[in-house]
K.L.:
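This structure is in structure tokens; I'll ask about it shortly.
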Amino acid sequence: MRPIFIPRLVNGPFGDPGLYVDFKFEKRALLFDAGDLAALPPKKLLRISDVFVSHTHMDHFVGFDRLLRICLGREVGMRLYGPEGFIDRVEHKLAAYTWNLVENYPGDLVIETWEVDPGWNARGARFRCHRRFQREPLEGRCAPDGVMLDEPAFRVRAAFLDHDTPCLAFSVEEKTHVNVWKNALAELGLPVGPWLKELKRAAVQGAPDDTPVRASWRDRDGAHERTFALGELKARVLRLVAGAKLCYVTDVVYSEDNARRIAELTADADHLFIECVFLDEDADHAARKFHLTARQAGSIARAARARLVVPFHFSPRYAEREAALRDELEAAWRSFSQ
Ligand SMILES: [Zn+2]
Ligand SMILES: [Zn+2]
């Protein structure tokens, strides 16, 4: 596996939740939740293209101001996503400031905001610095199966969870990479060229092995064309590498319904970031607060068959007992997995 993302929690486990997902090969990052962002330097904030907000409790959204402050006056386009009511929240935050001089700022900060409902209808609005951040409606769209963002290399999917308010959990799924073995191509007497695009597409889409693939190219001797079965080329010149999957789950009460939704979203995650707010000895309190205990988080990680689990969002009441939270999660995660 060759993951294209480097995920890191923004703060320590007792700090505000947030996950910064850096791209390895691009100057770009995704951000999951915007709580206290003081730990992120401007350089890192300016890389953020998309911000996914689980819900707008203050510890998940107070950092919007810092992001705005750093990006203001720059030519930055940013997309924000959240649950129902999110556009109003963003609008209200922007309305808290006076914008009489911003039309002339050199760069136009453009904030595209999307909110989804449980039927996966997405409503959008744009707020532009040069228009004093007045709300401009965007045409609505659909987020089928919770897919909020779909790009050639990856997709971001969401699930609705209950936290006494709708709260979104997210997964980032890299799509299958296809590597071409140039030596093997040369052995077949085939050059690289645009025809490889078609071959890769057929391979990624799982077309049948007997699908014909036409290799055509031109050289000084003229035009050439040969046809192969997809299966042969797959075996000889391609290597399909499954993409990594990382998930971010926070602020959720333990219930059968939530556990099932999380299990679906996070199945076979390579990297699961999950809240562990309370110890199981305080499970009643956790339920009243609509949060998970470490044991519940561990059992969810086990159901997901997660390969690596990173806990966060620890309650300050355990400041002296951090290891107990981690141990409880670990025990539940590993208990039946061997
Ligand atoms: Zn919350
Ligand atoms: Zn929270």
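Numbering of ligands and ligand atoms starts at 1, following listing order. Computed over heavy atoms, backbone and side chain alike; hydrogens, waters and symmetry mates excluded. In this text the structure is predicted, and so the values were computed from the model without any measurement.
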K.L.:
Applying side-chain contact (heavy atoms from CB on, under 4.5 Å), name anything that partners Val310, two or more places apart in sequence or on another chain.
P.N.:
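Only Leu9, His271, Phe273 meet the side-chain contact (heavy atoms from CB on, under 4.5 Å) criterion with Val310.
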K.L.:
So, of the N/O/S atoms that His163 has, which is the nearest one to the Zn ion (ligand 1)?
P.N.:
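Considering only N, O and S atoms, His163 comes nearest to the Zn ion (ligand 1) through NE2.
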K.L.:
Is the Phe312 to Tyr248 ring centre distance short of 6.0 Å?
P.N.:
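Yes: the rings meet the under 6.0 Å criterion.
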K.L.:
Closer than 2.8 Å to the Zn ion (ligand 2), what protein N/O/S atoms do you find?
P.N.:
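Listed by chain and number: Asp59 OD2, His60 NE2, Asp251 OD2, His313 NE2.
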K.L.:
Can you tell me how far the CZ atom of Phe14 sits from the CD atom of Glu322, to the nearest 0.5 Å?
P.N.:
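Spacing of CZ (Phe14) from CD (Glu322) equals 5.0 Å.
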K.L.:
Listing request: all salt bridge (charged side-chain N to carboxylate O under 4.0 Å, His left out) pairs with a residue in residues 48-57, at least two apart in sequence or in separate chains.
P.N.:
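Every salt bridge (charged side-chain N to carboxylate O under 4.0 Å, His left out) pair that includes a residue of residues 48-57, provided the two are not neighbours, is Arg28-Asp50, Asp50-Arg79.
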K.L.:
List, by chain and number, the other hydrophobic cluster members for Phe228, where Ile, Leu, Val, Met, Phe, Trp and Tyr join if side-chain heavy atoms come within less than 4.5 Å, directly or indirectly.
P.N.:
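Other cluster members: Val178, Val180, Leu185, Leu188, Leu190, Val192, Trp195, Leu196, Leu199, Val204, Val213, Trp217, Leu230, Leu233, Val237, Leu238, Leu240.
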K.L.:
Does Arg157 reach the main-chain N or O of Ala169 with its side chain, forming a donor-acceptor pair under 3.5 Å?
P.N.:
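No: the side chain of Arg157 does not pair with the backbone of Ala169.
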